[in-house]
Amino acid sequence: MSFRRGALAATMTATALVLAACGGSGDDTAAPEPEVAEAPEFEAGTTMAELAEAGTIRVGTKFDQPGFGLENLEGEVEGFDVEIAKIIAGGLGIAPEDIEWVQTPSAVREEVLEGDEVDMVVATYTINDTRKERISFAGPYYTAGQQIMVAADNDEITGPESFTDNPDATVCSVTGSTPAEQITEYLASPDQLVLFDEYSQCADSLSNGQVDAVTTDNVILLGFVSESDGEFKLVGEQFTEEPYGIGIPKGDVAFCEFIHETLRENEDAYTEAWEATAGQVEGTETPELPEFDECA
Ligand code: GLU
């Protein structure tokens with residue numbers, strides 16, 4: 001089974017295409033259309049005023065993570081992060097069809113904000129101090145936790161400690177991600193860690209038997225488990241906290257406060273967005289909108 005949509009669409013036969021379109025990420029439940037503000041007014045010179053005036057916003061997100069940011073076979077992105085971005089865009093008076101989606105793998109998230117290639121990043125993006133040196137975060141809007149995914153018939157790996165006890169076991173994660181860093185303290189040797197740019201590549205490697213495990217946030221892994229048709233399972237408890245923030249250019253306090261206000265005003269849409277996306281994945285629980293950090 002391939003977990004990489006682009007490669008999949010390019011190589012599949014017509015029959016397989018039909019099958020894939022019927023299976024997949026529980027997309028029978030469409031997320032509700034977000035509210036789009038009518039001609040909202042903002043103080044001149046603010047990011048909000050500029051974006052509202054432009055009538056479009058560039059959003060960095062993932063294209064390969066079921067439940068959060070996944071490009072479907074029609075070339076549209078879907079998932080909880082996508083819906084969060086639509087709610088924020090709606091507050092700026094920007095309709096979903098006017099959003100420009102930019103595929104943003106983990107390692108380039110700070111870079112695309114610093115280089116003004118996107119206006120915000122909503123991409124399973126953990127808030128932490130290292131990243132805050134280069135960018136700012138609004139949120140958190142959700143808190144995940146790191147876990148381990150293995151093949152369903154693997155009884156040897158039961159949690160991160162298994163990599164300490166078994167120096168031959170390999171684990172895949174993604175360059176520039178917090179899980180890739182945090183797993184290192186459990187490894188007997190650095191060679192046990194295999195890094196790719198995207199988690200779908202790790203899922204493919206696990207499927208092919210090239211690695212023994214994949215590690216990242218529980219909710220990302222659950223998305224792959226649900227698409228795997230019983231091939232994968234999660235093991236052990238979550239062993240970190242990953243508060244997801246919305247990445248914005250460093251120091252844009254007014255934009256951060258606007259994002260907080262917009263999410264607070266749209267709590268119902270937040271819940272509905274979850275239920276139509278990540279909430280469709282078995283093993284996930286509907287979150288409450290968390291308390292936000294102070295904007296800085
Ligand atoms: N939340 C973690 C991070 O921001 C892992 C997920 C990801 O790589 O997008 O690094």
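Both counts, for ligands and for their atoms, begin at 1 and track the order of listing.
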Atoms in ligand 1 flagged as close to [X], the criterion being non-hydrogen separation under 4.0 Å:
X	value
Ser177	8 (O), 10 (O)
Pro179	2 (C), 5 (C), 10 (O)
Tyr125	4 (O)
Ala123	9 (O)
Lys62	7 (C), 8 (O), 9 (O)
Thr216	5 (C), 6 (C)
Ser106	7 (C), 8 (O), 9 (O)
Tyr244	1 (N)

Just to check, does [X] reach to within less than 4.0 Å of ligand 1 when the distance is taken from its heavy atoms?
X	value
Arg109	yes
Arg131	yes
Asp217	yes

Report task. Classify the contact between Glu181 and ligand 1 as side chain, backbone, both or neither, using a heavy-atom distance cut-off of under 4.0 Å. Result ->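 The answer is neither; Glu181 stays 4.0 Å or more away.
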
Query raised in the report: What part of Ile220 sits under 4.0 Å from ligand 1 if we count only heavy atoms: the side chain, the backbone, both or neither?
Result: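 The part of Ile220 near ligand 1 is the side chain, not the backbone.
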
With no hydrogens and no angle check, just 3.5 Å: does a side-chain donor-acceptor pair link [X] and [Y]?
X	Y	answer
Thr47	Asp252	yes
Thr170	Asp212	yes
Tyr244	Asp217	yes

Query raised in the report: Within a strict 4.5 Å, meaning less than it, do heavy atoms of the Val122 and Tyr141 side chains meet?
Result: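 SC-SC contact between Val122 and Tyr141 confirmed.
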
Report task. Please determine if Asp153 and Lys233 form a salt bridge, counting it only when a charged side-chain N lies under 4.0 Å from a carboxylate O. Result ->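 Looking at Lys233 together with Asp153, the answer is no, because their closest N to O distance does not fall below 4.0 Å.
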
Query raised in the report: Does a salt bridge link Arg264 with Glu261, judged by any charged N lying under 4.0 Å from a carboxylate O?
Result: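 No, this pair does not count.
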
Requested in this report: May I ask you to decide if the ring planes of Tyr142 and Phe68 are parallel, tilted or perpendicular, using 30° and 60° as cut-offs?
Outcome: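 Judged by the thresholds at 30° and 60°, the geometry between Tyr142 and Phe68 is tilted.
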
Query raised in the report: Does Met120 belong to the same Ile/Leu/Val/Met/Phe/Trp/Tyr cluster as Phe137, with side-chain heavy atoms less than 4.5 Å apart forming each link?
Result: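 No: no chain of side-chain contacts under 4.5 Å links Met120 to Phe137.
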
**Report entry** Atom of Thr46, atom of Phe42 and distance for their closest heavy-atom approach
**Finding:**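 Shortest heavy-atom contact: OG1-CB, 3.9 Å.
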
